[in-house]
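In listed order, ligands and their atoms are each counted from 1. Heads up: numbering here begins at 1 and tracks the sequence. For the numbers below, each heavy atom of this structure counts, side chains included, while hydrogens, waters and symmetry mates do not.
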Amino acid sequence: MAGLEVDILTLFPGLCEGYLAGSILAKAREAGLVDVAVHDVREHAAGKHRVADDAPYGGGAGMVMKPEPLTEAIEAARARRPGAWVVLTSPRGQVLTQALAKELAGHGRLILVCGRYEGVDERVRSVVDREVSLGDFVLTGGELAALCVVDAAGRLVPGVLGNADSAGAESFADGALEYPHYTRPPEYRGMKVPEVLLSGDHRRIERWRRRESLRVTRERRPDLFERLRLDEKDLRLIEAGDDEL
Ligand code: SAH
């Protein structure tokens, strides 16, 4: 059984397949670590034309996704994956964070529902467990949000990232942003790699990284910085110069 099992329900399967067929997610799927299936909601739409949307009651612009095809697509997915959480992508949802990605990955079975047009008939929510938003902006469809969930949750499945440590040290793992990275060459256009990183002294490097992580977080995301639980060592470290590390 894969560490993460996902069904994506969409009117545009092709939009999702392309992203899922490349890079780390494709390898994770091949290795059986992540199982993602994309389903066309239109298969559950009735009639010769398989219409999945209709005009809104009460008037107004745009079309609304009909309740029957989506509800039935969700029920069919649920029958295939018992216990899966049904997650509707929506600007009204809980904003996707690393903590939420972790929670969704931890559950392990997800049915991700992509809206289109003006959104989905309110009655679809009767078969939905969670609503997830990418942020305070409006997309044309839920596919990008569904892919973000698969990507963010999928990379947390043990074995998906090459290096077991990569998911532990990065941004948001402990509430702070990550420290800056450098690779070769040691000097580029006059910009030098910090001496500490070339020192081979792993304890100093660790302290440098912690200090940079705290400084970047304080500067860029004071809201996150305020919520960090810093100890005496951190408070001293954040003021330290490179030669004091
Ligand atoms: N009329 C709606 C927006 C519909 S956008 C409103 O004003 O709230 C169409 C679809 O795109 C939605 O059903 C949802 O699935 C997706 N979508 C749009 N913005 C999103 C966001 N910020 N996060 C997640 N999904 C979003």
Side-chain angles (χ1 to χ4, degrees), residues 4-20 25 34 36-46 49-78 80-81 84-156 171-172 221 223-224:
L4 181 66
E5 298 178 23
V6 184
D7 282 309
I8 300 180
L9 311 184
T10 168
L11 286 174
F12 298 93
L15 291 182
C16 301
E17 289 292 4
Y19 187 77
L20 295 168
L25 281 180
V34 174
V36 193
V38 185
H39 304 279
D40 190 345
V41 170
R42 218 174 285 282
E43 281 170 17
H44 295 269
H49 298 293
R50 299 199 173 271
V51 175
D53 60 303
D54 205 339
Y57 276 120
M63 300 296 267
V64 174
M65 283 181 77
K66 289 163 67 61
E68 317 91 307
L70 262 182
T71 304
E72 283 159 33
I74 291 169
E75 283 170 353
R78 212 176 223 161
R80 283 190 304 269
R81 298 203 203 266
W85 276 345
V86 177
V87 180
L88 177 66
T89 57
S90 156
R92 284 196 208 162
Q94 183 183 353
V95 174
L96 184 61
T97 59
Q98 191 63 15
L100 179 53
K102 222 178 197 169
E103 192 187 340
L104 296 172
H107 187 68
R109 276 189 179 186
L110 308 172
I111 297 165
L112 305 176
V113 184
C114 306
R116 275 271 152 183
Y117 318 117
E118 284 306 312
V120 308
D121 186 290
E122 190 67 20
R123 290 164 290 185
V124 171
R125 292 196 160 82
S126 66
V127 289
V128 163
D129 300 307
R130 311 283 295 253
E131 289 185 43
V132 171
S133 167
L134 284 193
D136 294 344
F137 49 87
V138 181
L139 298 162
T140 58
E143 289 76 11
L144 284 172
L147 290 172
C148 285
V149 170
V150 175
D151 197 292
R155 68 197 287 288
L156 295 174
S171 292
F172 312 114
R221 293 290 303 274
D223 58 316
L224 293 181

At a 4.0 angstrom heavy-atom cut-off, what protein residues surround ligand 1?
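Within 4.0 Å of ligand 1, protein side: Thr89, Ser90, Pro91, Gly115, Arg116, Tyr117, Glu118, Gly119, Val132, Ser133, Leu134, Gly135, Phe137, Val138, Leu139, Thr140, Gly141, Gly142, Ala145.
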
Just checking Tyr19: does its OH atom have more than 12 heavy atoms from other residues, nucleotides or ligands closer to it than 6.0 angstrom?
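Atom OH in Tyr19 is not packed in, count stays at 12 or less.
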
Salt bridge or not for Arg81 and Asp7, using N-O below 4.0 Å?
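Judged by the 4.0 Å cut-off on N to carboxylate O distance, Arg81 and Asp7 do form a salt bridge.
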
Can a salt bridge be assigned to the pair Arg125 and Glu122 using a cut-off of 4.0 Å between side-chain N and carboxylate O?
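Yes, charged N to carboxylate O under 4.0 Å.
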
Knowing that exactly one of Thr89, Thr10, Ile8 qualifies, which makes a side chain to side chain contact (heavy atoms under 4.5 Å, CB included) with Glu143?
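With Glu143 as partner, side chain to side chain contact (heavy atoms under 4.5 Å, CB included) holds for just one option, Thr10.
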
Let me see the working for Leu110 and Leu104 under side-chain contact (heavy atoms from CB on, under 4.5 Å), right down to the final yes or no.
CA-CA 8 Å; Leu110 308 172; Leu104 296 172; 4.0 Å; yes

Between Leu11 and Arg42, is any pair of side-chain heavy atoms under 4.5 Å apart?
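Side-chain contact under 4.5 Å: yes.
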
